[in-house]
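Inspection log for the structure reproduced underneath, given as structure tokens.
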Amino acid sequence: IDVVYGMQMGGFLDHWITGEKGENHVLGRMLDTQGFMITIRDSILETAAGLTGFGVEEAQDKVNIIVHTLEHAIRSMLPSSTGLEEKKFEASYEILEEGKGARIFLFDNEVGGHGGFATLMSNADRFSRMIESVYRQTGCPIRDCNFGCEHCIFLRTCGQINRRINRRMLLDSGILQQQM
């Protein structure tokens, strides 16, 4: 489900959520497509709490950054793993309540799917190679940036404008492991 809270058109920003009298005017769409979900165990909150040196105090904030960064790391490898362009894929994630982990949803951005994830999932070796590429790509090939640049996990379609991603925090969390 894709929900739109506002839109910028011609230099002005229009919000559809009024909040008056309990009314909530939200536009959205439901997309019947193909994809998969990654579940991150509830121990991620404890792991995040133990990470130091990142300037973010709250463990829940660190979980958000780790999950968002993992979503970027995977999405950045999808075009080279499937032969389809970046804008053909979309993703979303949710942090579960009360420290119960997180989920990342990755999907084809077309009704019914366009075969990107079907191609990826039809061959275990192809999928494993993609995950290995995701692990390797978390180290920037150009300048070892901590966040994300256009050479690594930067995405033009990021709803958060590529903020709150941190490659070093993702690697230090240990949730992304090198494939054997």
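The residues of the chain are indexed from 1 along the displayed sequence.
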Indicate the atoms forming the closest heavy-atom contact of [X] with [Y], along with that distance.
| X | Y | value |
| --- | --- | --- |
| Leu84 | Gly116 | CD1-CA, 3.5 Å |
| Leu31 | Glu110 | CD1-C, 3.7 Å |
| Met77 | Ser133 | SD-CB, 3.4 Å |
| Pro79 | Ser76 | CD-O, 3.7 Å |
| Ile74 | Val134 | CA-CG2, 3.8 Å |
| His114 | Lys88 | NE2-O, 2.6 Å |

Distance check, rounded to the nearest 0.5 Å: [X] atom [atom1] versus [Y] atom [atom2]?
| X | Y | atom1 | atom2 | value |
| --- | --- | --- | --- | --- |
| Met121 | Arg126 | CE | CZ | 11.5 Å |
| Ser81 | Ile131 | OG | CD1 | 8.5 Å |
| Met169 | Lys62 | CE | NZ | 6.5 Å |

Inset, instruction - Side-chain contact test, heavy atoms from C-beta onward, threshold under 4.5 Å: evaluate it for Ile165 versus Ile65 and give yes or no. - result: no

Inset, instruction - May I ask you to test the Ile95-Lys100 pair for a side-chain heavy-atom distance under 4.5 Å? - result: no

Legend entry - Test log, rule side-chain contact (heavy atoms from CB on, under 4.5 Å), inputs Met130 and Ser80: CA-CA 8 Å; Met130 185 198 74; Ser80 62; over 6 Å; no

Legend entry - Shared hydrophobic cluster, Ile66 / Phe154 (ILVMFWY, side-chain heavy atoms < 4.5 Å): no

Legend entry - In one Ile/Leu/Val/Met/Phe/Trp/Tyr side-chain cluster, 4.5 Å: Leu170, Leu155: no

May I ask you to decide if [Y]'s main-chain N or O and [X]'s side chain share a donor-acceptor pair within less than 3.5 Å?
| X | Y | answer |
| --- | --- | --- |
| Ser128 | Ala124 | no |
| Gln34 | Phe107 | no |
| Asn64 | Gln60 | yes |

Inset, instruction - Decide yes or no on side-chain contact (heavy atoms from CB on, under 4.5 Å) for Thr33 and Val111, but give the supporting numbers first. - result: CA-CA 5 Å; Thr33 189; Val111 174; over 6 Å; no

Inset, instruction - Go through the steps for Arg103 and Leu96 under the test side-chain contact (heavy atoms from CB on, under 4.5 Å), then give the verdict. - result: CA-CA 8 Å; Arg103 289 188 283 225; Leu96 303 176; 3.4 Å; yes

Side-chain polar contacts of residues 36-48 - donor-acceptor pairs under 3.5 angstrom, sequence neighbours left out - could you list them?
residue, atom, partner, partner atom, Å
Thr47, OG1, Ser43, O, 3.1

Inset, instruction - Hey, could you give me each pair passing salt bridge (charged side-chain N to carboxylate O under 4.0 Å, His left out) that has a residue in residues 64-81? Not counting sequence neighbours. - result: Glu71-Arg75, Arg75-Glu90

Inset, instruction - Would you mind telling me which of Thr82, Asn109, Leu106 makes a side chain to side chain contact (heavy atoms under 4.5 Å, CB included) with Phe89? - result: Thr82

Inset, instruction - For atom CD of Glu85, decide whether the heavy atoms of other residues, nucleotides or ligands shown that lie under 6.0 angstrom number more than 12. - result: yes

Legend entry - Step-by-step side-chain contact (heavy atoms from CB on, under 4.5 Å) determination, Tyr135 to Leu171: CA-CA 8 Å; Tyr135 181 82; Leu171 288 176; 4.2 Å; yes

